[in-house]
Amino acid sequence: MLDPRLFRNELELVQQQLKRRNIDFDAAGYLTLENRRKDIQVKTQELQNERNTRSKAIGQAKAKGEDVQPLLDQVQDLGDQLKTAESELTAIQSQLNSIMEGLPNILDESVPAGKSEADNLEISRWGELPQFDFEPKDHVDLGEPLGMSFELGAKIASARFVVLTGKLATLQRAIIQLMLDTHTNQHGYQETYVPFMANADSLRGTGQLPKFEEDLFTIKNDPTFYLIPTAEVPVTNIVRDVIVDAKQMPLKFVCHSPCFRSEAGAYGSDVRGMIRQHQFEKVELVQIVTPEESAQAHEELTAHAENMLKILKLPYRKVLLCAGDTGFSSTKTYDLEVWLPGQQKYREISSCSNFKDFQARRLQARWRNPDTGKPELVHTLNGSGLAAGRTLIAILENYQNQDGSIRVPDVLRQYMGGLELIK
RNA sequence: GGAGAGAUGGCCGAGAGGCCGAAGGCGCUCCCCUGCUAAGGGAGUAUGUGCCAAAAGCGCAUCGAGGGUUCGAAUCCCUCUCUCUCCGCCA
């Protein structure tokens, strides 16, 4: 959520900033509502004040043994007035709130203009593209003989599910273990285990609700639970309604979890293979930092994700997402795209975002600033470090041999009992 | 699933219609005192929010959550959530 004070004081600026996201914000309409809110709220609070004072007077009169009937007569119609004013206020506040909840974050100045993926800005490339003296296969052709079955996934659940058996399942687990170990031992993150279902408050806190409900799987339950689309949701919600001790900042969490996405808007795209699944494994990095640290933390977190690709020796590029491609809650996002020889393309394998105080405001996640002694909103960041399913794909395709066998990357062998070749 | 107990500030804990944003204790911060340490004395110490550019100030809201009764609710009533104990079932 954006800062309501920004709307009161610098409405044109907000409007201008939202324009970068192609949002035509109705400032005049907002202003009308906001002015009404102000009137009603002031009126309501005046009435509340009157009720409180009069009630107190009644109490005091009674204590002295005076006749309170005249006082009671005076307040007779106050209750009704107050009730009307209060319900009016609630209505307009929820109206304003739903406008605010539907507005995306303001973009960082460094975010380039643009509409789609095509306008993203390439920042850097790393690694040599592998050269094959044969036609490289894609991960489906490589995977199926080794224990990757989309048929079984479909039988057990539906399309966009997969079953991995044997060394491929082990490989995915090895990838996850390597990532967790690296982030905890070398990058200073705390390993975390969380629920894989979350309630509506949690999803509202990180920004998936109310606007993106159709992207989520829901659990029939009262109250409704949602399958997490990313560990970002449960992990970031650790600090919901919390005032973090300044000494504990920054908080750095790493969490492996399955992720569940309905892919409601993705009909027909990436239907082949493991690229886009309803369920996939991911290792997520989350940082809770002070406002002045967040820009630097964003660079570091991205570097931590990049390091995984480096130690796996997977060629990738880093892109800065343009205005149109940057997610709802984010101010600035770097995507890491790994090279897939089977597609002859770079494909997203990590997305690292700085949300600044946008999620924190929804979450009421704060820290106590020692300079002011006051609670202030934290900044939240997260990034995949990395998506394990897509890492598996990248390894299959980049480490393939002509006979369809797969070399196991050096750093993964210790997690696979020394295995060097999957065949 | 059955039976019971509970939820109050950073923590413990009182409070049972008005004088309660809430006693007391612990903790924490600052000050004083004692050559150091231990002990002692004093002051302060919730959050959100409205009016306001902001501060100050003055309000409003918040005692698990949501409703209700009442002039007035931490306190009474209803619903829900969570925690704990016992029984049953269970990885």
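Naming: A, B, ... by sequence-line order, numbering from 1 per chain.
Between A22(B) and A61(B), the two C1' atoms lie 15 Å apart (nearest whole Å). Taking atom C1' in both C20(B) and G13(B), the straight-line distance is 16 Å, to the nearest Å. Rounded to a whole angstrom, the distance from the P atom of A73(B) to that of U85(B) is 36 Å. Spacing between G21(B) and C63(B) at atom P, rounded to whole Å, works out to 12 Å. As rounded to the nearest Å, A5(B) and C89(B) have C1' atoms that lie 23 Å from one another. The same atom, C1', is picked in C76(B) and in G4(B); the two are 22 Å apart, to the nearest Å. Taking atom C1' in both A65(B) and G57(B), the straight-line distance is 33 Å, to the nearest Å. Nucleotides G18(B) and C77(B) are separated by 16 Å at their P atoms, to the nearest Å.
Put simply, the side chain of Gln296(A) never gets that close to the backbone of Glu293(A): no donor and acceptor are under 3.5 Å apart. Looking only at distances, a side-chain donor or acceptor of Ser87(A) sits under 3.5 Å from a matching main-chain atom of Thr84(A).
A salt bridge between Glu306(A) and Lys318(A) is present, with a side-chain N of the basic residue lying under 4.0 Å from a carboxylate O of the acidic one.
Remark: C1' of C20(B) and CD of Gln60(A) are 14 Å apart, rounded to the nearest angstrom. Put simply, NZ on Lys43(A) is 16 Å from P on C51(B), counting in whole angstrom units. In this structure, Asn35(A) places its CG atom 14 Å from C1' of C51(B), rounding to the nearest Å. Atom CG of Asn97(A) is separated from atom P of U49(B) by 13 Å (rounded to the nearest Å). One atom, NZ of Lys38(A), and another, P of U49(B), lie 16 Å apart when rounded to the nearest Å. Nucleotide C60(B) holds its C1' atom 16 Å from the CD1 atom of Ile40(A), rounded to whole Å. We find that CD1 of Ile243(A) is positioned 19 Å from P of C28(B), with the value rounded to whole Å. Rounded to an integer number of Å, the gap from Gln45(A) CD to C51(B) P is 8 Å.
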>> Within the 4.0 Å limit for protein heavy atoms, which parts of nucleotides 61-81 of chain B are touched? Write it as a string from 5' to 3', B for base, S for sugar-phosphate only, - for none.
In response: S-------S-BS---------
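Close to A53(B), at under 4.0 Å from its OP1 or OP2, lies no side-chain N or O of Asn9(A). For U49(B), neither phosphate oxygen OP1 nor OP2 lies less than 4.0 angstrom from any side-chain nitrogen or oxygen of Arg37(A). A sub-4.0 Å separation between OP1 or OP2 of A46(B) and a side-chain N or O of Arg368(A) is absent.
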> After noting the C-alpha distance and the side-chain angles of Asp138(A) and Gln343(A), does the key distance pass the side-chain contact (heavy atoms from CB on, under 4.5 Å) rule?
Replying inline: CA-CA 7 Å; Asp138(A) 82 351; Gln343(A) 294 194 0; 5.6 Å; no
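In this structure Arg347(A) satisfies the salt bridge (charged side-chain N to carboxylate O under 4.0 Å, His left out) test together with Asp270(A), sequence neighbours excluded.
For Gln69(A), the CD atom is densely surrounded, since the number of other residues' heavy atoms within 6.0 Å is greater than 12. Within 6.0 Å of atom NZ in Lys310(A), more than 12 heavy atoms from other residues, nucleotides or ligands are found, so the atom counts as buried in its surroundings. Counting heavy atoms of neighbouring residues, nucleotides and ligands inside a 6.0 Å radius, atom CZ of Arg276(A) exceeds 12 of them.
Residue-to-nucleotide contacts include no donor-acceptor pair under 3.5 Å from the side chain of Gln41(A) to the base of G50(B).
Checked options Asn237(A), Thr380(A), Thr206(A); the residue passing with Gln359(A) is Thr380(A) (criterion: side-chain hydrogen bond (donor to acceptor under 3.5 Å, both in side chains)). Checked against Phe328(A) for a side-chain contact (heavy atoms from CB on, under 4.5 Å), the options Gln208(A), Lys211(A), Arg21(A) give a single hit: Lys211(A). Ile349(A) pairs with exactly one of Ile393(A), Asp335(A), Thr391(A) by the side-chain contact (heavy atoms from CB on, under 4.5 Å) rule, that one being Thr391(A).
Checking Arg8(A) against Glu50(A), the closest nucleotide of RNA chain B that is more toward the 5' end is the one next to Arg8(A).
In RNA chain B, the stems built from three or more successive Watson-Crick or G-U pairs (distances below 3.5 Å) are B:1-7 with B:81-87, B:10-12 with B:24-26, B:27-32 with B:40-45, B:46-51 with B:57-62, B:64-68 with B:76-80.
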